[in-house]
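Positions are given from 1 along the sequence.
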Amino acid sequence: MRSGRRKWWLWLSLLAFLWVLLCNCNCVGAGAGGEAVIVKVGVVLDLNSTVGQMSKTAIQLALSDFYTANPKYKTRLSLLFKDAGDVVEAASAGMELLGDDQVEAIIGPQTSEQAAFMAEFGKKYEIPVMSFSATSPSLSPSPYFTRPAQSDSAQVEAINAVIQTYGWREIVPIYEDAQFGHGIIPYLADALQLKGTRFGCRVIIPTSATDPEISRQLRRVRDMRKRIFLLHVTAPVGSKVFTVAQTEGMMGQGYAWIVTDALSSMLDPTTDSQALDSMQGIVGVRPRMPHTEKLQHFQTRFNKLLPLSSGVHNNPSVNVFAVWAYDTVWALGMAVEKVKSNGKRLADAVANTRFEGISGDFHLVKGELKRKGASFEVFNVVGEKERIIGYWNPTHNEDEQEGVVMTTMKQPIWPGDVNKTPPMNLTIGIPVKPGFTEFIQVDKQDPKKSSGFCIDVFKSAIEVLHLPIDYRFVPFANESGESNGTYDELLLQIGDHKMDAVVGDITIIANRSEFVDFTLPYSESGVSMLVSMTSDRKKNMWIFLRPFKWDLWLLSFVSFVFTGSVVWLLECSVNTDFGTGPPQQQIGFIFWFSFSTLVFAHRERILNNLSRFLLIIWVFVVLILTQSYTANLSSMLTAQRLKPLFADANEIREKGYFVGFQNGSFVKELLITQLGFNETKLRSYRSPDEFEHALTSGTDNGGVAAIFDEIPYIKVFLSKYRSGFQMVGPIYRTGGFGFAFPKGSPLVPYFSKAILDVTEDQNKMTPIEQKYFSNRNVQIADPDDSRLDAYSFCGLFSITAVATFSSLFIYLTQFFHSHWPDSSTVHSDSPLTAKMVEMGKLFYDKHFRSSSLQTSDSRVHPEITETTTPQTDPDHSNSTEQPQNLSVVNEDQTLAREHNTQFIATN
């Protein structure tokens, strides 16, 4: 059975070979008069590779089709095939073709390294070199070297669009250590970075790498918990990589593999069953071939001829390199027919040739194949076949091509036969803290159950990110479960690729930013000093002045005097309690009455209603002032019973006292470099209880004079120990707590925005704070903050000022209205001025002179102040005069009473 099938294949191969040979002979013999110009063309391929075998078949088929379609052409291409597997063999083949065979042009070579070397041959010997498979972007076309193929850079945006579709922000490129492999990496890195994605690390595979070498490289990234890979290798290397990856368990659930067109274009015809099984779930991009009648006709004939020379399975899908090889022969045949000569003219003719090939519009722009509207298809390997899950199409902007994966993108089946998009895996380092567990508390049995303020903020940020992220917490601990070092040593684990990020109470400071990137802070910042309180036995003789600031004292004094003066003015003309005595006595009375209201000791009668109204307002003001003064003085006297033991770091340093800091904190460097403390005077502590013991013990009993720490820790301490300690001194600013990531990590801006979303949302942040911190309202002591100033009572004094001026205005209005003189009594050229002068004199007489008159009357008639009861003289010598004197006194008193009654009536 098998021998019969082999004979059948041999006869079929022989017939096909004779048919191709016959076509070539007919083509050579065609032309005008049967004489055609033969143009020798060298073809350099690696005939032991699948690309080389398929390209050779496509080239032979193209030569036959070209002259069948153009039988009258006067030129004929004669192809001379040379086998070259590496650069040395390609160079040898090139020398042989140019020396012995005298070729007019060269098609190939196959790889970018070989093409770079062959391009120098073309430049030296001035013959065109055309490579349809050297796709490295680092390979630049020249006048004698053209590339009738798309550069690898053309697929960069398509790959980027696929990666952005699934939300990955970090990806590991695996590429071949060759010009082909390195050429695309800079373009990919730049395109990904613009979209917020970066290369986490890189895996470079030598072209001749063995399975153990590939295994060692893949294990390295597997141990780093990298799960998203971009593979850019040739088909032989790619088959090895996938086989080894499956052995290492890297083709299962949670992994994702994206492949470039260098590998994806060769999957069907090159992949055996074992390698295909290891590729299950991969997603790839490749140029989309137009489904034209020409391409279908080429596919049919290509499938018939390929098994004769390659021995691969039947009905392989034609790859893009075979299609480009086919069109290259047609382009060269047209150019040769046009110029019929070699050298520069033939090279120019090749560059300017344009036609509709089986791959679409064949048009070389700057020596490369450019095709308007060229697109890529996205496929997914499932089972023994590929399924197209989407397309990428460039925009119509010729200056800048951008693209997106179409919205009809189907959900791929990922490795492990799962539909869920593989997430980015992050190894999160967390510090181990014996104290201050409010910030972070490590669960040694299950680190993912670790808790604390920092952990909850991180989890809340993850929730609002909406990115495919899977993480695990790794405590930074030694074998005994204790902390494995300082926070700086923990952050260095990121640079060593042992951790992808660090979450905890990590303070953002300048020197740490040199080797990690921080997110925005999620806590308040600053370092301050924590000290014990001591009793203040010293008495301040002027402490009674401290409740009010000087401006309030001054304003109060002015208000007292002004208000007393207005009350005196309103009462002096109608009230004998106010209007008697010499001027100095009246001035003293004004001060006495005003300040007696402080203790409500005034006993003078108030007769005028305006005075009563004003006094009501003023008594209310005095009440507020006295109560405020009493409360503030009591507070100051209470506060002065305890005062900070130390208020200045300089004092502590100069006296040589010990100070403390939290173990592992950067505060140690701050104390040494910025505050000038000697390292021998520093002591580290780990918990609030140790802080309390050190401060209570004091400098004479093995303790410290002060503890320097960040404000969040001090607030936690003061919420636990509410008395006997105080935060004092200046605040040394820091950046606050933040999450740390590797330098250049694309996740930093995403987490920073997520932190803002969490901290600005009180429904998220407030419960977290209340969960861990019972008292966060701790203020730094400032004895001047409690002193009251004039601005504190502006409203109160404004009220009394309005009342005082209003009362004075009403009184003056009433006085002028009742005493305004008639015009007939005024003899002057200026009646208004004379009236005003007369009113001023009257006002003075009634308010000021009346008091003087009352005083002088008391001096002239002293008997007024004595008893008026008649005295009986035994001799009756003055009995006739006493009645007369009594009548005079009674008359004066009657006049005075009438005068007062009249004035009261007018008011």
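Annotation for E213: atom CD counts as buried by contact number, over 12 foreign heavy atoms lying within 6.0 Å. Few gaps surround CD on E356; more than 12 heavy atoms of other groups in view lie less than 6.0 Å from it. Taking a 6.0 Å sphere around CG of D470, one finds it holds more than 12 heavy atoms contributed by other residues, nucleotides or ligands. Under a cut-off of 6.0 angstrom, the local environment of NZ in K195 is sparse, with at most 12 non-hydrogen atoms contributed by other residues, nucleotides or ligands. Within 6.0 Å of CZ on R345 lie no more than 12 heavy atoms contributed by other residues, nucleotides or ligands.
Taking a cutoff of 4.0 Å between a charged side-chain nitrogen and a carboxylate oxygen, K226 and E170 qualify as a salt bridge. Looking at D361 and R354, a side-chain N of the basic residue comes within less than 4.0 Å of a carboxylate O on the acidic one, giving a salt bridge. Classification of R219 and D223 as a salt-bridged pair fails, no side-chain N sitting under 4.0 Å from a carboxylate O.
Side-chain contact check for Q110 and S133: no donor-acceptor pair (N or O, by modelled atom type) lies under 3.5 Å. Residues R222 and Q217 have side chains that never bring a donor and an acceptor to within less than 3.5 angstrom of each other. Of the N and O atoms on the side chains of D261 and Q155, at least one donor lies less than 3.5 Å from an acceptor on the other residue.
No side-chain donor-acceptor contact under 3.5 Å links D327 to the backbone of G357. Without hydrogens or angle criteria, H232 side chain to F180 main chain gives a donor-acceptor distance under 3.5 Å. Checking side-chain atoms of K294 against main-chain N and O of S359 turns up no donor-acceptor pair under 3.5 Å. Put simply, the side chain of S153 never gets that close to the backbone of P137: no donor and acceptor are under 3.5 Å apart. Side chain of E377 to main chain of P287: no donor-acceptor pair is present (N/O by atom type, distance under 3.5 Å, no hydrogens or angles). D46 places no side-chain N or O within donor-acceptor distance of the main-chain N or O of D83, the cut-off being under 3.5 Å. The backbone N or O of G360 sits nowhere less than 3.5 Å from a side-chain atom of T292 that would complete a donor-acceptor pair. A donor-acceptor pair under 3.5 Å is absent between the side-chain atoms of E176 and the main chain of G181, judged by distance alone.
Residue T427 forms a side-chain hydrogen bond (donor to acceptor under 3.5 Å, both in side chains) with just one option from Q493, R225, K498, and that option is R225.
Ring planes of W414 and Y166: perpendicular class, angle over 60° (limits at 30 and 60°). Taking the six-membered ring for Trp and thresholds of 30 and 60 degrees, F739 and F751 have ring planes more than 60 degrees apart, a perpendicular arrangement. Between F298 and F302, the ring planes are tilted. Angles from 30° to 60° get that label. Taking the six-membered ring where the residue is Trp, F321 and W324 present perpendicular rings, their angle passing 60° and hence far from 30°.
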- Verify ring pair (Phe, Tyr, Trp, His ring centres under 6.0 Å) between W330 and F362, making sure each step is shown before the conclusion. CA-CA 10 Å; W330 276 65; F362 186 93; over 10 Å; no
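Judged by the 6.0 Å and 45° rule, R512 forms no cation-pi pair with F518.
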